[in-house]
Number of protein chains: 2
Amino acid sequence: MKNAPALSSRSEYAINLMRRRIIDGQSEPGSLLAEVAVARELGMSRVPVREALFLLERDGLVEFSETGRAFVKDLSPQDFEELFTLRLALEPLAARLAAPQLKKDASLLEKNISITQRAKSVKDVTRLDLEFHEIILDASGNTRLLKLWQSMRGEMELWLGRLHRSHHLQTQGTLSETADAHAAIVNCFKTQTPAACERLMREHILGWREWLPLL
Amino acid sequence: MKNAPALSSRSEYAINLMRRRIIDGQSEPGSLLAEVAVARELGMSRVPVREALFLLERDGLVEFSETGRAFVKDLSPQDFEELFTLRLALEPLAARLAAPQLKKDASLLEKNISITQRAKSVKDVTRLDLEFHEIILDASGNTRLLKLWQSMRGEMELWLGRLHRSHHLQTQGTLSETADAHAAIVNCFKTQTPAACERLMREHILGWREWLPLL
DNA sequence: GTTCTTCATAATGTATACCGTTTCAAGATT
DNA sequence: AATCTTGAAACGGTATACATTATGAAGAAC
């Protein structure tokens with residue numbers, strides 16, 4: 001038809017494009033994502049678009065009405081509180097489970113920190129921060145735990161993106177503080193017990209929450 | 001409790017049927033669920049079947065190969081351990097969050113217990129047990145917490161179903177013990193603090209784990 | 001002005017058809 | 001016997017077409 005779908009499959013292409021548009025705020029929260037309109041714009045049929053919308057709903061970036069229409073998710077402060085509550089429940093657990101593995105090999109975390117220290121934009125640091133945490137979830141060895149966390153990641157990116165666009169968070173302090181806090185966590189993994197790692201991660205998440213504008 | 005698109009009839013029908021077949025063990029673990037075959041058997045086209053398979057994957061009853069073929073999930077003991085770990089993380093939290101609400105009104109829980117006391121089959125008690133817990137998750141007021149739990153429910157039913165079929169659990173003791181334990185939890189909600197409810201729920205989940213054959 | 005009705009439009013639900021890829025077993029090769 | 005080919009059948013990815021329902025604005029009734 002029109003433009004060649006770059007990535008492996010069309011639905012994957014549709015997912016990535018819509019995902020970015022939603023997180024970057026190009027798609028208005030609450031706006032309708034009609035299958036035909038999206039399909040025509042992306043140069044494909046409704047079928048892969050439909051599939052993409054299903055997967056984006058799983059990631060919390062899209063929500064369906066009772067009659068099956070897809071809308072760009074409009075997160076509320078309460079939604080964010082829910083996400084925070086779940087991070088606080090899942091991440092310290094993941095840190096404890098991952099501790100034995102990360103004590104042996106924390107190279108991925110260290111590499112992430114080293115890149116973070118050189119990062120310049122808030123956007124990059126946000127992404128690297130999430131990746132740091134995801135490395136830990138992955139190292140926990142609990143595939144379901146990882147998947148649950150990943151299912152919330154999109155919503156967190158969405159929330160943080162909107163926050164950055166509206167509030168212009170002060171970047172100077174947070175950039176280095178993020179790397180420092182992460183370095184402390186890595187040190188804990190290398191020298192302390194799993195229970196200690198769990199406690200530190202809990203404090204880290206609590207601190208992260210304190211940081212954000214209350215809105 | 002509506003999710004995703006309307007699923008007015010056909011895809012919903014397909015979901016319910018396949019779901020039951022998988023949990024009841026009529027569909028062999030690891031067997032292929034080819035879209036054409038299922039569609040022809042259920043008297044519909046591939047489209048609603050395809051949608052049903054996607055949603056069943058979200059519920060952990062189906063898994064896709066890299067090339068997109070759907071198979072009946074084959075749970076391993078490790079899978080069950082993961083589920084247990086997550087229940088232990090999420091349910092005590094839910095109990096604490098739900099405590100204020102349930103202190104005011106525990107009628108749904110009490111009704112569930114009353115039905116459980118009169119239940120005869122292990123199958124019924126298993127279902128009522130899960131419903132009891134889901135009532136608490138629902139009362140927590142955290143919609144994401146509830147959804148995460150629901151996404152694991154299918155796998156738990158699947159595991160328990162296979163367990164019952166292979167081990168013939170002794171039913172006499174567990175039937176009444178389930179109702180008794182649940183009654184104690186309700187009493188805790190009505191008279192104790194949220195933190196106490198959280199601790200009791202943790203003990204309850206740990207006890208539940210002890211019960212099951214190790215396999 | 002407000003509420004109810006109507007109805008064209010728009011959107012999803014579903015079916016069918018085509019195409020490319022994967023699969024797997026029969027046959028070839030060593 | 002074990003391994004490597006190979007090709008037809010099976011299967012999923014996608015497009016298109018049709019069916020059904022929801023939506024929302026314009027008009028009717030009060």
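Because only heavy atoms are used, hydrogens play no part in the values below, and waters and symmetry mates are left out as well, while side chains stay in. In what follows, every chain begins at residue 1, and chains take the letters A, B, ... in the order their sequences are listed.
Close to C:dT14, at under 4.0 Å from its OP1 or OP2, lies no side-chain N or O of A:Arg50.
Across the protein-nucleic acid pair, A:Glu51 atom CD and C:dT14 atom P stand 16 Å apart, rounded to whole Å. Regarding A:Leu53, its CG atom lies at a distance of 13 Å from the P atom of C:dA11, rounded to whole Å. Following rounding to the nearest Å, A:Phe71 (CZ) and C:dA10 (P) show an atom-to-atom distance of 16 Å. Going from atom CD of B:Glu57 over to atom C1' of D:dG12 covers 15 Å, rounded to whole Å. The distance between atom CD of B:Glu35 and atom P of C:dT22, rounded to the nearest whole Å, is 16 Å. Per the geometry, CG belonging to A:Leu32 stands 11 Å off C1' belonging to C:dT12, to the nearest Å. D:dG12 atom C1' lies 15 Å from atom CD of A:Glu12, rounded to whole Å. Between the CZ atom of A:Arg10 and the C1' atom of D:dG12 there is a distance of 14 Å, rounded to whole Å.
Note on the helix from C:dG1-D:dC30 to C:dT30-D:dA1: angle between the axes of the first and last five pairs equals 20°, rounded to 10 degrees.
Qualifying side-chain contact (heavy atoms from CB on, under 4.5 Å) partners for A:Leu55, counting only residues two or more places apart in sequence or in other chains: A:Ile15, A:Arg58, B:Phe54. The ring-ring contact (aromatic ring centres under 6.0 Å, His included) test applied to A:Phe132 returns A:His182, not counting sequence neighbours.
Among residue pairs with one or both ends in residues 80-105 of chain A, those qualifying as ring pair (Phe, Tyr, Trp, His ring centres under 6.0 Å) are A:Phe80-A:Trp159, A:Phe80-A:Trp208; sequence neighbours excluded.
Exactly one of A:Thr126, A:Val125, A:Leu128 qualifies for a side-chain contact (heavy atoms from CB on, under 4.5 Å) with A:Thr178. That residue is A:Val125. Partner of B:Trp149 under the side-chain hydrogen bond (donor to acceptor under 3.5 Å, both in side chains) criterion, chosen from B:His133, B:Glu91, B:Glu134: B:Glu91.
Comment: A:Asp24 does not engage A:Arg165 in a salt bridge, judged by the lack of any side-chain N to carboxylate O separation of less than 4.0 angstrom. A salt bridge is absent between B:Arg118 and B:Asp124; no separation between the charged side-chain nitrogens and carboxylate oxygens falls under 4.0 Å.
Without hydrogens or angle criteria, A:Asp59 side chain to A:Leu56 main chain gives no donor-acceptor distance under 3.5 Å.
Residue contacts shown for A:Leu33 are limited to sugar-phosphate atoms, with no base heavy atom under 4.0 Å away.
Within the model, atoms CG of B:Leu88 and CG of B:Leu206 stand 5.0 Å from one another, a figure rounded to the nearest 0.5 Å. If you take CD on B:Glu41 and CG on B:Leu17, they are separated by 7.5 Å, rounding to the nearest 0.5 Å. In this structure, A:Glu82 CD and B:Thr143 OG1 are separated by 3.5 Å, a value rounded to the nearest 0.5 Å.
If you check residues 41-49 of chain B against DNA chain C, the residues with a heavy atom closer than 4.0 Å are B:Met44, B:Ser45, B:Arg46, B:Val47, B:Pro48, listed by number. Using a 4.0 Å cutoff on non-hydrogen atoms, the parts of residues 60-69 of chain B near DNA chain C are B:Thr67, B:Arg69, ordered by number.
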